[in-house]
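Computed from a predicted model, the values in this text were never measured in an experiment.
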Amino acid sequence: MHLTYFTDFLMKRRCAACGHEANTKPPKLNKKLVYLDQWTISELANSLDPVLREKKAGRIDPFWIELYHQLERLTKLHVIVCPESPLHYRESLVTPYLHVLRGLYEHLAVGTRFKEPLNIHALQLAEAFNRGVPGGGDTVDGRDRLSRILDGGVNDWSDDIRIKARLTLRETEVAAERARNASADELLARDSDRWRQQPGRPFSEWYDYHRRDLTDVVLHCFDSGPFGTYTMTCHSMTESLVRTGQSEEAAVAQVREFLRSDAASRVPYSDISALLFAGMSKKIADEGQKRAADHGHYKDVHAIAAFLPYVDAICADNYFAELLGKREIAQRVAGYPAKVFSPKKKQAFMGYLQVLEAEVAPVLRDTVLAVYGARWLKPYDTILEYHREREQRDEAL
């Protein structure tokens with residue numbers, strides 16, 4: 001009998017009888033990043049959670065249980081990771097099922113979490129700025145520097161036990177999120193009315209309009225000085241110029257000039273968000289979309305614009321998957337590696353995951369089973385029952 005475990009980037013095998021140890025390097029990991037939108041998380045929860053399943057009264061598509069098994073197996077095989085995001089939390093916060101939804105997306109995230117979308121945008125702006133400033137600092141391109149936009153090691157071997165501490169949920173936090181949603185709904189309803197009055201406007205004009213609009217938001221934060229990501233990033237740009245000998249006035253002027261430039265408005269977040277808002281505007285103005293844009297659309301734009309450049313696959317709802325497939329948008333995002341899936345393409349998503357499993361190297365599978373045990377790959381179908389029980393215990397205290 002042998003005991004197998006990791007330490008100091010080595011895999012150690014120790015004989016239980018004689019104590020002899022053999023050290024080898026574990027296989028190098030290259031996990032795929034898969035982003036699951038809130039709709040996908042909710043469908044998985046509806047199938048796994050006993051309370052939600054009962055409310056569905058038998059209207060459960062068995063596909064979602066199969067998908068959960070496939071996703072969980074691939075995470076345990078260290079083939080994929082499905083990072084959670086702050087948007088998952090905020091969208092779950094205003095539901096009665098926060099603890100259930102959070103238990104599920106944290107389980108599949110295996111300790112990885114995307115940073116705030118606006119923080120990722122600010123990072124991209126800083127990188128674009130540094131490229132044009134001598135000695136401005138290092139740059140981040142593509143997926144080679146994921147630590148800058150993700151918390152948690154993507155290609156780490158995962159712990160089989162994870163410990164989390166939670167703060168008590170306050171009603172004020174829930175109320176504040178609902179108020180933000182209501183405010184976004186009000187603003188976007190007015191925007192939608194205005195878009196309806198401009199039928200026939202070319203896509204290129206909508207795109208230019210929305211990227212200028214985002215530029216104005218960043219400039220407003222820089223000028224008015226509210227504490228936040230954009231303010232700190234712009235001040236950091238200014239300070240880097242002052243350190244080169246420029247006056248503060250000249251440095252501020254140069255930063256403002258940069259923010260209005262193509263270099264700033266074409267960083268991935270700016271570009272993709274403007275493309276998606278342009279697509280929404282066209283649908284409302286030209287295609288008779290009656291439903292106004294709302295906070296749900298806004299959060300979906302946030303997620304896609306921030307995460308699509310870095311992931312290998314992304315699940316979006318049918319509406320945004322259709323937008324991403326439109327010619328004007330598809331041409332612009334074709335350079336990113338992400339495959340886009342949606343409820344209409346759920347079988348294609350399953351097929352994508354099955355191919356990943358079929359391609360697992362035998363040495364990786366053997367290492368996983370040696371380290372974590374033969375039962376490691378058994379589906380954890382009762383995960384949400386556990387979270388329900390824990391929630392009841394917490395409420396009883």
Side-chain angles (χ1 to χ4, degrees), residues 33 35 114-134 136-146 148-149 191 195 201-223 228-238 240-241 251-282 297-298 300-311 314 316 320 323-338 340:
L33 253 62
Y35 186 73
F114 274 113
K115 295 184 178 177
E116 283 283 354
L118 295 187
N119 288 356
I120 293 175
H121 182 212
L123 170 66
Q124 293 171 354
L125 289 173
E127 289 295 318
F129 178 77
N130 288 342
R131 291 188 189 101
V133 177
D138 60 349
T139 58
V140 176
D141 290 305
R143 294 192 52 202
D144 56 343
R145 303 285 292 283
L146 288 177
R148 299 288 289 272
I149 53 97
D191 285 342
W195 299 341
R201 189 174 184 179
F203 183 90
S204 59
E205 290 187 11
W206 282 119
Y207 171 76
D208 287 338
Y209 167 78
H210 286 294
R211 67 180 183 139
R212 285 197 306 269
D213 188 52
L214 182 55
T215 296
D216 290 341
V217 169
V218 179
L219 281 168
H220 170 74
C221 293
F222 186 26
D223 293 339
T229 299
Y230 289 141
T231 306
M232 291 188 292
T233 299
C234 292
H235 283 308
S236 178
M237 294 176 188
T238 304
S240 69
L241 293 174
V252 168
Q254 186 171 337
V255 171
R256 290 178 60 83
E257 181 182 359
F258 161 74
L259 293 174
R260 291 196 182 96
S261 70
D262 277 353
S265 63
R266 293 193 186 278
V267 300
Y269 179 94
S270 300
D271 187 38
I272 297 171
S273 63
L275 288 168
L276 293 174
F277 272 115
M280 286 199 303
S281 300
K282 286 285 286 181
H297 291 102
Y298 182 68
D300 285 342
V301 170
H302 258 340
I304 296 169
F307 308 144
L308 183 140
Y310 304 99
V311 300
I314 187 169
F320 279 97
L323 280 186
L324 287 166
K326 286 188 174 293
R327 178 178 55 82
E328 301 95 335
I329 301 177
Q331 290 175 343
R332 294 290 290 274
V333 300
Y336 298 118
V340 179

remark   = Per side-chain contact (heavy atoms from CB on, under 4.5 Å), Lys282 is matched among Phe203, Tyr207, Phe277 by Phe203

Considering all heavy atoms, the nearest [X]-[Y] contact:
X: Ala316; Y: Phe320; answer: CB-CB, 4.3 Å
X: Leu275; Y: Arg332; answer: CD1-CB, 3.5 Å
X: Leu125; Y: Ala264; answer: CD2-O, 3.7 Å
X: Thr229; Y: Ala122; answer: CG2-CB, 3.2 Å
X: Gly279; Y: Ile329; answer: CA-CD1, 4.3 Å
X: Ala263; Y: Phe258; answer: CB-CE1, 4.2 Å

Distance-only donor-acceptor check, side chains His210 and Ser273, under 3.5 Å = no

Do [X] and [Y] have side-chain heavy atoms sitting under 4.5 Å apart?
X: Asn119; Y: Ile149; result: no
X: Leu123; Y: Glu127; result: yes
X: Tyr310; Y: Ile120; result: yes
X: Asp223; Y: Arg256; result: yes
X: Tyr269; Y: Leu118; result: yes
X: Val267; Y: Phe129; result: no
X: Ser281; Y: Tyr209; result: no
X: Leu33; Y: Leu146; result: yes

Closer than 3.5 angstrom, by distance alone: can the side chain of [X] be matched with the main-chain N or O of [Y] as a donor-acceptor pair?
X: Asn130; Y: Ala126; value: yes
X: Thr231; Y: Cys221; value: yes
X: Gln254; Y: Leu241; value: no

request  = Only one of Arg260, Arg212, Arg211 passes side chain to side chain donor-acceptor pair (under 3.5 Å) with Ser265; say which it is.
outcome  = Arg211

Got a second to check how far [X]'s [atom1] is from [Y]'s [atom2], nearest 0.5 Å?
X: Trp195; Y: Arg201; atom1: CH2; atom2: CZ; answer: 11.0 Å
X: Asp191; Y: Asp213; atom1: CG; atom2: CG; answer: 7.5 Å
X: Met237; Y: Leu259; atom1: CE; atom2: CG; answer: 5.5 Å
X: Leu323; Y: Ile304; atom1: CG; atom2: CD1; answer: 8.0 Å

query = Step by step, would you call Val301 with Ile272 a side chain to side chain contact (heavy atoms under 4.5 Å, CB included)?
reply = CA-CA 8 Å; Val301 170; Ile272 297 171; over 6 Å; no

ask   = Do Phe307 and His302 have ring centroids that are under 6.0 Å from one another?
value = no

ask   = Is it true that atom OH of Tyr230 has more than 12 heavy atoms of other residues, nucleotides or ligands lying nearer than 6.0 Å?
value = yes

